[in-house]
Protein chains: 2
Amino acid sequence: MPDHPPPAFVPARELIAAHGGRVTRTRVAVIEALQASPHPLSHDEIGATLAAAGIAHDRVTLYRALDWLVEQGIAQRIAGGERAWRFEIRSDGEHRHAHFHCDRCGQILCLEDVPAGPDPALPAGFELARSELVFHGACADCGREGAKAAKR
Amino acid sequence: MPDHPPPAFVPARELIAAHGGRVTRTRVAVIEALQASPHPLSHDEIGATLAAAGIAHDRVTLYRALDWLVEQGIAQRIAGGERAWRFEIRSDGEHRHAHFHCDRCGQILCLEDVPAGPDPALPAGFELARSELVFHGACADCGREGAKAAKR
DNA sequence: GCTTTTAATGCTACAATGTTGCATCAAACA
DNA sequence: TGTTTGATGCAACATTGTAGCATTAAAAGC
């Protein structure tokens, strides 16, 4: 179903070094996991990926690695329908796009074709840093099964 | 700063009864708190309002009261920059508008003039339930103080 | 290659937010 | 007024995220 033409990503090691950070197992693995995924990943999912790759890691370390990536502009956060954040890699020059959150399975996917929209006219004194456009509903897989236990 | 012309809200008791729910202190107070606020309130803020009004309440009860309001379409959730949800009353027939989240003070306010935008063309099989357009940055108050401890 | 420096890591402990189960209470209705 | 059952209040727990600090190892200098 993911129909992304895989972008030519900058190698993780270069990306990290270019931002003046130390190239560590954790960071490399996190970036590669994000790059390999067609949709934004949660902290939990990334942790599972690292574990599957046999890379020992601590919950806190992962939080901090992700914080650093966001801080550096390498990755970005998307607020899903739950409390947890999702993360996706920020390909340089890529346009900001909207996201779709499936309220049943919780999956978030990128709507590459839907731009995040124009900047609004904000009241005086307000500074705009970024915008988030998230659509909610049921994805094709969940929608087919009819309205089952759709909470929230 | 809030420049809302206060909408003529349906009295809380009627609103609850119209949805087939029991008219309880908690629900009435929650609805009135939301109706009185110019911006979406967090669970915590609502709890504080109830406490200030001398209405005994339990954390869980408040969660459930809010769940019910959302379920009934009386209120709606907005995902802020933190984990916690914000709630606002849904005036009937009101247009969906965007929100602004101040990354410094955490406040969310309504951008009444900014529509939530047109529905996107979703892949086949997808069902759209609602959309959320949230802008992030610094509000006028926080922006004036310059970039202090602006994390995330 | 070896040493030094300090950024990252991995613990532990904790805070905040939200959920589940169940006994009790009280709103609505006869 | 009594009955029914939706709503509440409590306790216990789950999840997500943060703070402090000792230890490790990446990178730079020798």
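Labels below follow one simple rule: chain letters A, B, ... track the order of the sequence lines, proteins then strands, and each chain is numbered from 1.
For B:T61, the side chain to side chain contact (heavy atoms under 4.5 Å, CB included) partners at least two apart in sequence or on another chain are B:T26, B:D58. Under the rule for a salt bridge (charged side-chain N to carboxylate O under 4.0 Å, His left out), the partners of A:E45 that lie at least two apart in sequence or sit in another chain are A:R86. Residues forming a ring-ring contact (aromatic ring centres under 6.0 Å, His included) with B:F100 (at least two apart in sequence, or on another chain): A:F126. Evaluation of the ring-ring contact (aromatic ring centres under 6.0 Å, His included) rule for A:H43 yields A:Y63 as partners, not counting sequence neighbours. Partners of A:H57 by side chain to side chain contact (heavy atoms under 4.5 Å, CB included), not counting sequence neighbours, listed by chain and number: A:L50, A:A51, A:L62. For B:E32, there are no salt bridge (charged side-chain N to carboxylate O under 4.0 Å, His left out) partners two or more places apart in sequence or in a different chain.
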Pairs under 3.5 Å (N/O, protein and nucleotides 11-14 of chain D):
none

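Rounded to an integer number of Å, the gap from B:H43 NE2 to C:dT19 P is 10 Å. Rounded to an integer number of Å, the gap from A:R77 CZ to D:dG17 P is 9 Å. Atom P of nucleotide D:dG6 and atom NE2 of B:H19 are separated by 18 Å, given to the nearest angstrom. A:E71 places its CD atom 13 Å from the P atom of D:dT18, with the value rounded to the nearest Å. In this entry the distance linking CD of B:Q72 with C1' of D:dA7 reads 14 Å, nearest Å. Rounded to whole Å, the distance from CZ on B:R86 to C1' on C:dT17 is 13 Å. Remark: C1' of C:dA15 and OH of A:Y63 are 12 Å apart, rounded to the nearest angstrom. Atom CG in A:D67 sits roughly 13 Å away from atom P in C:dA8 (whole-Å rounding).
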B:I89 vs B:L69, side chain to side chain contact (heavy atoms under 4.5 Å, CB included): CA-CA, chis, key distance, verdict: CA-CA 9 Å; B:I89 211 73; B:L69 291 180; 5.7 Å; no

Chi angles and distances behind the side chain to side chain contact (heavy atoms under 4.5 Å, CB included) call for A:Q76, A:F87: CA-CA 6 Å; A:Q76 66 186 8; A:F87 299 85; over 6 Å; no

Step-by-step side chain to side chain contact (heavy atoms under 4.5 Å, CB included) determination, A:L122 to B:L111: CA-CA 8 Å; A:L122 291 175; B:L111 300 174; 3.9 Å; yes

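Inspection of the B:H101 and A:E132 side chains reveals no N or O donor paired with an N or O acceptor under 3.5 Å.
The bend of the helix from C:dG1-D:dC30 to C:dA30-D:dT1, defined by the angle between the axes of its first five and last five pairs, stands at 30° to the nearest 10°.
Each of A:Q107, A:H99, A:E88 was scored for a side chain to side chain donor-acceptor pair (under 3.5 Å) with A:H39, with one residue passing: A:Q107.
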Under 4.0 Å protein heavy-atom contact, by nucleotide of nucleotides 22-30 of chain C - B base, S sugar-phosphate only: ----BBS--

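Side chain of B:T61, nearest nucleotide from D:dT8, D:dG17, C:dT17: D:dT8.
Within the structure, no pair that satisfies the salt bridge (Lys or Arg N to Asp or Glu O under 4.0 Å) test touches residues 15-26 of chain B, not counting sequence neighbours.
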Which atom pairs, one a donor and one an acceptor, fall under 3.5 Å between side chains of residues 14-21 of chain A and the rest of the protein, sequence neighbours left out?
unit_1, atom_1, unit_2, atom_2, d
A:H19, ND1, A:L15, O, 2.9
A:H19, NE2, A:Q72, O, 3.3

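Formation of a donor-acceptor pair under 3.5 Å by the A:R90 side chain with backbone atoms of A:G73 is found in this model.
Of the residues in residues 26-33 of chain A, those lying under 4.0 Å from DNA chain C by heavy-atom distance are A:T26, A:R27.
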